[in-house]
Amino acid sequence: MRFETSSGDPFSLLKRRVHEAEGRGRRAFAGFQAARHVGPLIWIIPAHMPEILMLRGLPQGVGERLHLLRPTNETDLLWCVEETLRAAPVGLVIAEPSQPLSLTAGRRFQLAAEAGGTTGLMLIQTDAGSNATESRWHCEPQASDADSTLHRWTLKKNKRGTLGNWVVNWNGATTAFHMVSAAGERHQPAGQAR
Amino acid sequence: MALGLSRGMALADARAICPDLATRPADLAREAAALASLRRWASRYAPMVASDGPDGLMADISGVPHLFGGEADLRDDLQARLERAGLAATSAIAGTRGAAHALARHGGGIIPDGQLQQGLGRLPITALRIDHDTAAGLARVGLTRIRDLLPLPRAPLARRFGQGLVMRLDQALGQHAEPVAAEPDAPHFGVRMTLPDPIGLQSDVMAGLERLLDRLCAKLAATRMGARRVRLELRRVDRGVVLVEIGLARPMRDPTRIAALFAKGVDDIDAGFGIDAVRLTAPVVEPLAPEQIGGSTVRHEDALADLLSSLGNRIGFDRVLRLLPADSLIPERSQIIAPAAYSAPQTQPRHKGPSRPITLFAPEPVTTASGHPPNHFRWRRMRFTTLRAMGPERITPEWWFDDPAWRSGLRDYWRVETQEGPRLWLFVTPQAHSADWPAPTEGKNWPAPAGGKNWPAPAGGKNWYVQGEFA
């Protein structure tokens, strides 16, 4: 099966595939991706997790499309992920598994996503992902003296393309974002001004 | 009765006559339900059975008595069966509805054809379903029995006591038609099938289920209802009953889509030596108007409802949720987490004011906080240095709710950006000075910190807590 390659936008997740995000800022990355996908959204959080999503903190237009699933155990969570990935009308499935994903589970997710034509995003603990993932993002909020909404999003693994490292200014409300150009170090002395 | 008690008597009067009277409050709803089921049973005697007031049944037995061997035998059969069921009832058979009503409430019996006047004559006038004032007025002029009324001229009677009395008299004597109006039965959403040979294969059960579902959904469609729960009862050869019940995310009457949800439940059942009867009922139904089929949006919504149904049947419908906005400034109550199957999505109104974190959790105390807002603090065993703090945003408790989490008074919320990266939502409770304010009793809501006591006030007089994390 041929997948369309990603466009110039570095943060567009490949459709019909399952991706992974880790790091402290993974929920922010998931919120960003949720705002960029159309159609119903599924966010699967285990029932034992103390954190819940706050409607007013989510980007615009995400809250009314969001369905929250709170399965009690890991087996149910994996079943929910597979079932929702296989369902055609869903736009994006976000899940927070609490145990490392096995290769079998990761592969089953990919097959389900292909069958249903949906995109998945697993918010994993650091280094608890599966090798079957299409891409893996490391997301950290970044402190800055000038700006309070900086994120460092690193593409750690990519099956179809190059890796990358971006510092993004995203305010958490809309789909708009601004790339922050990295301050490069100058290795050669600047030429003499004439 | 022997002591002089009668129906409609005041309780104080009854107690005065009979001091050791056992009384029980009337449960009208259950009495009505019992009468309705008795009405259903009584349809074995007549095609038309109507309830007659709160305490009676009226059956039109025209053309029926010969099946039971005559009117007397029919009445004996009815009385014997009611007695066996433990019901004390009085029954009467008469040529008109009014006469039967009157006789059943005054001893019962049978008035043969053509002898209505003789049969009714001895009954009191109150038996005629007339109101209390008319009866009192008639008694004042010395008319107490129906036979006193019969020879009187009609016109003065109607002028003095109203048309109602004459109409009731005519109805009792058959000069004024009064049919038995049996109310329609409430639709029953259940179908069943008995099998000549026991079945045990899953495919056979599913095939039987599909046939039953077709019939059930046709019933639902005829009454414009949709099933919300569907229950499948399988009776085994050894008289055991296996139950499979599914829920639906919205009212539905589409046989193929309902059948798909049964697949997992039917897979799990133990057929034993075989199944010889199948029963399918819809215990919970909701109105469902006919709607346009086809069209991409309809198909889209249907597919999502199917997904929510299958999810709800596996993990429970209370775990398939939706976030709904609520009108409150308290962070915990600014949203309602509602089951998706029983709520509709609502658009979040445009939010003004300070931003809110993307995740919210129960307040977790920070330790070794210094400064206001804290310059350094520890939280979840991590050390943070504040880079920038925005605030405070003061939120006062809603005094009309007694929320144990908010007993510490108002809170000042700060958005604290740390050198380490995370942007946290901290709050301080300036009103909680002493450490001995009543600790919240609900330990289940708040994870007990290592201190042992629920949510202890950190040392230093300042109580800083983290409640959320920004994007």
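Remember, it's a predicted structure, so these values are computed and weren't measured experimentally. Quick note on labels: first sequence line is chain A, next is B, and so on, each numbered from 1.
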Between Ser144(A), Gly63(A), Gly172(A), which shows the greatest number of heavy-atom pairs under 4.5 Å with chain B? Ser144(A)

Charged N to carboxylate O below 4.0 Å: is that the case for [X] and [Y]?
X         : Y         : value
Asp127(A) : Arg136(A) : no
Asp403(B) : Arg333(B) : yes
Arg27(A)  : Glu469(B) : no
Glu51(A)  : Arg380(B) : yes

[X] pairs by side-chain hydrogen bond (donor to acceptor under 3.5 Å, both in side chains) with which of [options]?
X         : options                                    : answer
Tyr413(B) : Arg394(B), Glu393(B), Gln467(B), Arg356(B) : Gln467(B)
His138(A) : Lys156(A), Glu22(A), Arg152(A)             : Glu22(A)
Glu134(A) : Arg160(A), His19(A), Lys159(A)             : Arg160(A)

Report, by ascending residue number, the residues of residues 81-89 of chain A in heavy-atom contact with chain B at a distance under 4.5 Å; give 'none' if the set is empty. Glu83(A), Thr84(A), Ala87(A), Pro89(A)

Applying a heavy-atom distance below 4.5 Å, give me the residues of residues 32-43 of chain A that approach chain B, sorted by number. Pro40(A), Ile42(A)

Relative to chain A, which segment of [X] carries a heavy atom at a distance below 4.5 Å: side chain, backbone, both, or neither?
X         : answer
Ile358(B) : both
Gln335(B) : side chain
Leu387(B) : side chain
Leu324(B) : backbone
Thr347(B) : both

Shorter than 4.5 Å, heavy atoms on both sides: which option in [options] has the most such pairs with chain A?
options                                    : value
Arg415(B), Arg423(B), Gln419(B)            : Arg423(B)
Val320(B), Thr418(B), Leu304(B), Leu311(B) : Leu311(B)
Gly312(B), Ser310(B), Ala340(B), Gly316(B) : Ser310(B)
Asp306(B), Ile315(B), Ile337(B)            : Ile315(B)

Contacting region of Asn171(A) [heavy-atom separation from chain B under 4.5 Å]: neither

Whatever's closer than 4.5 Å to a heavy atom in chain B on Val90(A) counts as side chain

CH2 of Trp170(A) to OG1 of Thr175(A), rounded to nearest 0.5 Å, is 9.5 Å

Let me know which of Arg17(A), Arg108(A), Lys15(A) forms a salt bridge (charged side-chain N to carboxylate O under 4.0 Å, His left out) with Glu114(A). Arg17(A)

Flag, side chain of Asn165(A) to backbone of Thr154(A), donor-acceptor distance under 3.5 Å: no

So which atom in Phe361(B) and which in Pro50(A) form the shortest heavy-atom distance, rounded to 0.1 Å? CB-O, 3.8 Å

Between Trp464(B) and Phe377(B) (judged by ring centroids, cut-off 6.0 Å), do the two rings come close enough to count as a pair? no

Could you check whether the rings of Trp379(B) and Phe384(B) sit parallel, tilted or perpendicular, using 30° and 60° as the cut-offs? tilted

Between Trp406(B) and Arg411(B), is there a cation-pi geometry (under 6.0 Å to ring centre, at most 45° from the normal)? yes

Hey, mind stepping through Asn375(B) and Thr386(B) against side-chain hydrogen bond (donor to acceptor under 3.5 Å, both in side chains) and telling me if it holds? CA-CA 5 Å; Asn375(B) 293 321; Thr386(B) 304; 5.4 Å; no

